[in-house]
Student: 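Below you will find the structure I want to go over with you.
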Amino acid sequence: MPKEGFVTSITHQSENFPEWYNDVVLKAELADYSPVRGCMIIRPYGYAIWESMQAELDRLIKATGHSNVYFPLFVPKSLLEKEAEHVEGFNPQVAWVTHAGGKALDEWLAIRPTSEAIIADSVKDWIQSYRDLPLLMNLWNNVVRWELRTRLFLRTTEFLWQEAHTFHATEEEAADEVATGLECYRTVAEDWLGIPVIKGRKTDSEKFPGAEYTWTIETMMRDRKALQGGTSHMLGQNFARAAGIEFLDRDNIRKNPYGTSWGFTTRMVGATAMVHGDDSGLVLPPNVAPIQVVIVPIFRKDEEQAAVAEAIDRFCAMLAGTPEGKAVRVKVDWRDDSPGFKYNHWELRGVPFRLEIGPRDVAAGQGMLVKRVDRSKEAVPLDRLAAELPDRLRAYQVELFKRAVDFRAANTHAVDTYQQFKDGLDAEGGFFMAPWCGDAKCERQVNADTGATIRCIPFDSPAETGKCLVCGDSSERRVLFARAY
RNA sequence: CGGGGUGUGGCCUAGCGGCAAGGCACGUGCUUUGGGAGCACGAGAUCGUGGGUUCGAAUCCCACCGCCCCGACCA
């Protein structure tokens, strides 16, 4: 039940999960609606979360040998149309610039829905020899896809992302690159956002338009629905051939290079909210939390305030005494509001730890430390806390990840018959590992009957003979079915 | 794009042909502060937009737009 009459009350997850999500995003001030249909404004707190995962991913991308670059927002129509499957897949979602400078343009410009086409065209002169390969590039930018139905962070008409684009001399090298990209995403999702992922391959009907195959990380939200995290695509020679990229190989033969592309978006801000959040609001993993510890001073009289302030200053100085402690993001909330108000305010925003310091604590040289995720309270001597805080934040990060792993495990079911699958899906949803023959017809049938899709063919799904849920033909392994965002 | 819902100060809602109202939030002052404090004063509204009906429209009619939910499509 939302609390009546209080402006920041939020819908309970069990009542209406999508509404809960909206409440949290808006009221925790992650984002707001914009005057432009389907687009969003990312507010400071939400942008800080994005910047955190962005910085970590950027570090990983650079550590694996990629360089950041920039390509234009506009893609000439003729370039976008070079790769047949690509244009067919993206056409319904492309926004076009048809007029500029007060005149109709001779050639329409697409606002990039993704940059494969313009990059392939641009790099064809850069690649002459196998010595020019691999070419490992990454862009941080915005793209536009005209979506029919939008949701804050999860699907917006314009979104921010990273798109890596690489070119390789051999297919093997490109295949390794697809894995490298996906591993960057796994690392950010699991180690930084505390979101467990299932790595796998998309079915042909779910792969990127223009790709040979697509790898994905799939995640489970707290309403048990699936959300696709990052995807990594093997483009084969498709775009290179379409753009006419050729290089002279060691064997003195002209060849088309093999391409890959992989992307990770602001959607993951929404995922972070939906994986960890609860009825009080966000629950942020310390690594991405813009504020990791909020200190709430408590006092009545001026003398008490002075004593509390002094204790807080001393604590902050102690904390800053070590490099690790200095890196802890602390905020002291001196606003002229009641403590209870502040508790709710920061809980809504998912701050991992709250430290209450009042006159009684000052007298005892301690503080009341409250953990956001379970609201557990503990009186801790301030000098000890200053020393332990980095470790406690690390432990909190691990705890959130483990909690998410356990939740996913508890809601993942192996099913062998269509009836079991449908019953489970209707009962409470979740992930369903089930045999599938590999035929797109059966895949479509499941979607038509239940709304669920094959999220991926998990890499760690062992070979196991079975009978396809739908048609009963033989199946070699279980695949992951779920309803998805 | 189909079905349903909704739109009244920043937020939540009342009003449902006759002077736009209340709560929260906001500002000032005083008092307060260990789980959403109190009092006083104050500021803030083209009632989503455009047409129509009417002496008179937030209210009735039509159209459009936004947002939410459910579907189809998608990072």
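Throughout, protein chains are lettered first and strands after them, A, B, ... in sequence-line order, and every chain is numbered starting at 1. No experiment lies behind these values; they were computed from the predicted model shown.
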Student: Mind checking the P distance from G42(B) to G5(B)? Whole angstroms is fine.
Tutor: 43 Å
Student: Start at the 5' end of RNA chain B and walk down; is the nucleotide closest to His345(A) or to Phe159(A) reached first?
Tutor: His345(A)
Student: Checking Gln228(A) against Lys202(A): is there a side-chain donor and acceptor pair closer than 3.5 Å?
Tutor: yes
Student: Will you find, in the side chains of Asn68(A) and Asp58(A), an N or O donor that is under 3.5 Å from an N or O acceptor?
Tutor: yes
Student: Under 4.0 Å between a side-chain N/O of Arg149(A) and OP1 or OP2 of C70(B), yes or no?
Tutor: yes
Student: NA contact type, Glu356(A), heavy-atom cut-off 4.0 Å: base, sugar-phosphate, or nothing?
Tutor: base
Student: Report the nucleotide, chosen from A75(B), C67(B), G35(B), that has the shortest atom-to-atom distance to any side-chain atom of Tyr343(A).
Tutor: G35(B)
Student: In whole angstrom, give the distance that lies between atom CG of Leu148(A) and atom P of G3(B).
Tutor: 15 Å
Student: C1' atom, G50(B) versus A40(B): distance in rounded Å?
Tutor: 44 Å
Student: Measure from the side chain of Pro339(A), starting at C-beta and using heavy atoms only, and say which of G34(B), C68(B), A75(B) lies closest.
Tutor: G34(B)
Student: For the residue pair His66(A) and Glu177(A), confirm or rule out a side-chain donor-acceptor distance under 3.5 Å.
Tutor: yes
Student: Rounded to the nearest angstrom, tell me the gap between atom CD in Gln305(A) and atom P in G34(B).
Tutor: 14 Å
Student: Do any side-chain nitrogens or oxygens of Arg151(A) fall under 4.0 Å of OP1 or OP2 in C69(B)?
Tutor: yes
Student: If we call it a pair only when both distances are under 3.5 Å in a Watson-Crick or G-U wobble match, what pairs with G9(B)?
Tutor: none
Student: In whole angstrom, give the distance that lies between atom CG of Asn344(A) and atom P of A25(B).
Tutor: 13 Å
Student: Classify Lys377(A) by what it touches in the nucleic acid, base, sugar-phosphate, or nothing, heavy-atom distance under 4.0 Å.
Tutor: base
Student: What nucleotide among A75(B), G35(B), A37(B) has an atom nearest to a side-chain atom of Glu347(A)?
Tutor: G35(B)
Student: Check the side chains of His165(A) and Glu163(A) for a donor-acceptor pair under 3.5 angstrom, ignoring hydrogens and angles.
Tutor: yes
Student: Could you state the atom-to-atom distance from CD1 of Ile41(A) to C1' of G66(B) in whole Å?
Tutor: 14 Å
Student: Rounded to whole angstrom units, what separation is found between the CZ atom of Phe341(A) and the C1' atom of A37(B)?
Tutor: 12 Å
Student: Between Ile10(A) (CD1) and C68(B) (C1'), how many Å, whole number?
Tutor: 17 Å
Student: Spell out yes or no: do the side chain of Asp361(A) and the base of G34(B) have one donor N/O and one acceptor N/O closer than 3.5 Å?
Tutor: yes
Student: Partner of C19(B) by Watson-Crick or G-U wobble geometry, both contacts under 3.5 Å, or none?
Tutor: none
Student: What residue among Val24(A), Asp279(A), Asn16(A) forms side-chain contact (heavy atoms from CB on, under 4.5 Å) with Thr11(A)?
Tutor: Asn16(A)
Student: Taking pairing as Watson-Crick or G-U wobble with both contacts under 3.5 Å, can you name the mate of C60(B), or confirm there isn't one?
Tutor: G52(B)
Student: Quick one about Arg145(A) and Thr156(A) (side-chain donor to acceptor, distance below 3.5 Å, no hydrogens or angles considered), yes or no?
Tutor: no
Student: Report yes if at least one side-chain N or O of Thr265(A) is closer than 4.0 Å to OP1 or OP2 of A75(B); otherwise report no.
Tutor: no
Student: From C73(B), G34(B), A75(B), pick the nucleotide closest to the side chain of Asn447(A)?
Tutor: C73(B)
Student: Can you tell me, in whole Å, how much space there is between the C1' of G56(B) and that of C1(B)?
Tutor: 41 Å
Student: Between A45(B) and G18(B), how far is it from one P atom to the other, in whole Å?
Tutor: 23 Å
Student: Side chains of Asp223(A) and Tyr21(A): do they bring a donor and an acceptor to under 3.5 Å?
Tutor: no
Student: Please state the P separation for the pair C68(B) and G29(B) - nearest whole angstrom.
Tutor: 40 Å
Student: From the set G34(B), C73(B), C68(B), return the single nucleotide nearest to any side-chain atom of Glu147(A).
Tutor: C73(B)
Student: Once you round it to whole Å, what is the distance between P of C69(B) and CG of Leu154(A)?
Tutor: 10 Å
Student: Give one of base, sugar-phosphate or nothing for Ser280(A), where a contact means two heavy atoms less than 4.0 Å apart.
Tutor: nothing
Student: Can you tell which of G34(B), A75(B), A37(B) lies closest to the side chain of Ser338(A)?
Tutor: A37(B)
Student: Consider the side chain of Pro359(A), meaning its heavy atoms from C-beta on, and name the nucleotide among G34(B), C73(B), G35(B) that approaches it most closely.
Tutor: G34(B)
Student: Write down the distance separating the P atoms in G51(B) and G44(B), rounded off to the nearest Å.
Tutor: 27 Å
Student: Partner lookup for A45(B), please. Criteria are Watson-Crick or G-U wobble with both distances under 3.5 angstrom; report none if nothing qualifies.
Tutor: none
Student: Roughly how far apart, to the nearest Å, are C60(B) and G22(B) at atom C1'?
Tutor: 26 Å
Student: For A14(B), what is the paired nucleotide under Watson-Crick or G-U wobble rules, both distances under 3.5 Å?
Tutor: none
Student: Phosphate oxygens OP1/OP2 of C68(B): is one of them under 4.0 Å from a side-chain N or O of Asn16(A)?
Tutor: no
Student: Check the distance between U32(B)'s C1' and Glu304(A)'s CD and give it to me in whole angstrom.
Tutor: 12 Å
Student: Will you find, in the side chains of Arg151(A) and Asn22(A), an N or O donor that is under 3.5 Å from an N or O acceptor?
Tutor: no
Student: Could you check which nucleotide pairs with C39(B) in any of the strands shown, counting Watson-Crick or G-U wobble with both distances under 3.5 Å?
Tutor: G29(B)
Student: A75(B), OP1 or OP2 - any side-chain N/O from Tyr185(A) closer than 4.0 Å?
Tutor: no
Student: With rounding to whole Å, what would you report as the distance between C69(B) and G52(B) at their C1' atoms?
Tutor: 32 Å
